[in-house]
S.K.: 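My questions will all concern the structure given below.
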Amino acid sequence: MTIQNPVNPVADLGIQNANIHLNPGVDALYAHAIRLGEGVQAATGPLTVRTNKAGRSPKDRFIVEDEKTRGSVWWEGFNVPIQASVFDNLLAKMVQYAEGKELFVQQVYAGTDPEYRIPVRMITEMAYHSLFIRNMFVRPTAEELKTFEADWTVLNIPSFKADPAVDGTRTDTFIIVNFTKKMIIAGGTQYAGENKKGIFGVLNYLLPEKGVMPMHCSANVGEGGDVALFFGLSGTGKTTLSADPGRKLIGDDEHGWTDTGVFNFEGGCYAKVINLNADAEPAIYQTTRNYGTVLENVVLDADGNPDLNDGSLTENTRSAYPIDQIPNIQPGSVGGIPKNVVFLTADAYGVLPPISRLSPEQMMYQFISGFTAKIPGTEEGVKEPSPTFSTCFGAPFMPRHPGEYAKLLAQKVQESGAKVWLVNTGWTGGKYGEGHRMSIKHTRALLNAALNGELDDVEFVRDPFFNLEIPTSVPGVPQDVLNPRDAWADKAAYDETAKKLARMFRENFKRFEAGVDQKVTDSMPNPDA
Ligand code: ATP
Ligand code: MN
């Protein structure tokens, strides 16, 4: 039920006369979103919306530089400082702009672990964002709501646009995080993913101080209770591979690793659905047919059914659904100490092995390198796949120095004795355009073998260029798939391409060499092998 403005839950911000909907539920949000023209209901049930931006805007995200953040944030790459006055000025304008408007407020948690979760107040202009937030964050119980007090606030008004010349932003779009005021303000973008990634970044900043490793990874748990983590940049398969019929899903994108185990930051999943195949991924496919799901930039056919093969609006079509839409989930979205850690990469060069085992040094190296090929569409302006190195497999969301996260992960892995794997979900038999994408079936078979301990006793060979240990046989996977060189018809072309990628790895790592042990640099790929 929507309670209309009972006590004005945004009064502290100075918003006096807005029409506030506090914690509206699914039915109400469908009605609001449709009334406001944000979207339509697909024939089978999902709320289907179109957004002005089909991906995140990482270049328009800023962090307020002040006493708190100056010495603790790594001011490189995506962590762009901005003056507190810019934030204050924009917030004042937004507050004024919000007067008389309709706003949706959701009181939710970021984090399933009561010890580490943050209560957040998410204030949005768009009803569909409010439903997205309800799906994606952890929903408090009725009991918890009675005493709910937000620690952080997000104010997201897409129709409010900054004037770069006057306001000090880069474009009319902005996402500004203020750690001192515990607030994020956003304007100019309708992409709902900003809501969750903003708060993800906050946890990534706060948790290391408490000895908790925040991770851009999915997680699931096997029948024997063994937990696996799947790190990887966008499009590498975190969501796809964590939804496995034989394992219970903990979460598909963001987790924390505490002294006792892992917990999900979220209460829902956000799956890419372009060309989704009902047979290969039945669980995620079903969510695109369910009532309560938000479908972003998916085209409906003449009968009002989602056409998942239509990428005419964007390749980054998405389904956002509460985690309990997946049939096999872990209650409470928490698990024990991980037994396996998997780094996913979608290598567009087709030269990294489909699976390899990493030494502790190689783990540090791969984690700091964070390699993949960017798949078109998830970020604004990226149309062609291109190689990407992104520290911690998530540089845009990690406010601290990558070395801090790497050290914490290394410590957790060492204490737990977890095994670490690098899995290439990208190309095989040739580079992008010549070879083909690894089959999901093979990737799943490789992963299952690793997670079930079936690779503990097989023989491994070392590939010369990347120095990686490759298993020589895996049940259910053809031999010539395992060693990437065997999968290429033209061996000389393979060697050439592998050397090229090895060089790119080394070039990228130069800026981190001084900060890591000699053993880590010794484990680097070697183009001269
Ligand atoms: P994001 O961080 O943006 O949520 P993600 O890591 O969760 O990204 P997915 O949403 O799982 O990535 O996207 C992987 C995409 O690649 C899916 O569309 C999936 O169908 C496709 N794909 C093709 N081959 C494979 C494979 N071998 N393993 C995993 N995914 C594959
Ligand atoms: Mn995902």
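Nothing fancy with the numbering, it's 1 onward along the sequence. Being a predicted model, the structure only gives us computed values, none of them experimental. Note that ligands are numbered from 1 as they come in the structure, with each ligand's atoms numbered from 1 the same way.
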S.K.: For this output row, return yes or no: ring centroids of Phe179 and Trp152 closer than 6.0 angstrom.
M.R.: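 Close enough - the centres of the two rings lie under 6.0 Å apart.
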S.K.: Counting only nitrogen or oxygen atoms and a 3.5 angstrom limit, does Met438 reach ligand 1?
M.R.: yes
S.K.: Tell me, please: is Arg444 in heavy-atom contact with ligand 1, that is, under 4.0 Å?
M.R.: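 No, Arg444 has no heavy atom closer than 4.0 Å to ligand 1.
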S.K.: Main chain of Phe393, side chain of Ser390: is a donor-acceptor contact present, judged purely on distance under 3.5 Å?
M.R.: no
S.K.: If you measure from each heavy atom of Gly235 to ligand 1, is any distance below 4.0 Å?
M.R.: yes
S.K.: Indicate whether the side chain of Arg462 and that of Asn467 have a donor and an acceptor atom separated by less than 3.5 Å.
M.R.: yes
S.K.: Within the stated cut-off of 2.8 Å, is an N/O/S atom of Thr239 closer than that to the Mn ion (ligand 2)?
M.R.: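 Of the N, O and S atoms in Thr239, at least one lies under 2.8 Å from the Mn ion (ligand 2), which means yes.
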S.K.: For Asp252 and Thr239, which I'm curious about, is there any donor-acceptor pair between the side chains at under 3.5 Å?
M.R.: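 Side-chain D/A pair, Asp252 to Thr239: present.
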S.K.: Under 4.5 Å between any side-chain heavy atoms of Glu454 and Pro475, yes or no?
M.R.: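 When only atoms from C-beta onward are counted, Pro475 and Glu454 do touch, with a gap below 4.5 Å.
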S.K.: Using ring centroids (six-membered ring only for Trp), state whether Phe132 and Tyr270 fall under 6.0 Å.
M.R.: yes
S.K.: Does Arg318 reach ligand 1, in the sense of a heavy atom lying below 4.0 Å from it?
M.R.: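 Distance cut 4.0 Å: Arg318 passes for ligand 1.
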S.K.: Near Thr236, which atoms of ligand 1 are under 4.0 Å from a heavy atom of that residue?
M.R.: 6 (O), 12 (O)
S.K.: Against ligand 1, does Ser242 come closer than 4.0 Å with any heavy atom?
M.R.: no
S.K.: Numbering the atoms of ligand 1 from 1, which are under 4.0 Å from a heavy atom of Leu233?
M.R.: 6 (O)
S.K.: Please list, in number order, the atoms of ligand 1 under 4.0 Å from a heavy atom of Asp253.
M.R.: 2 (O)
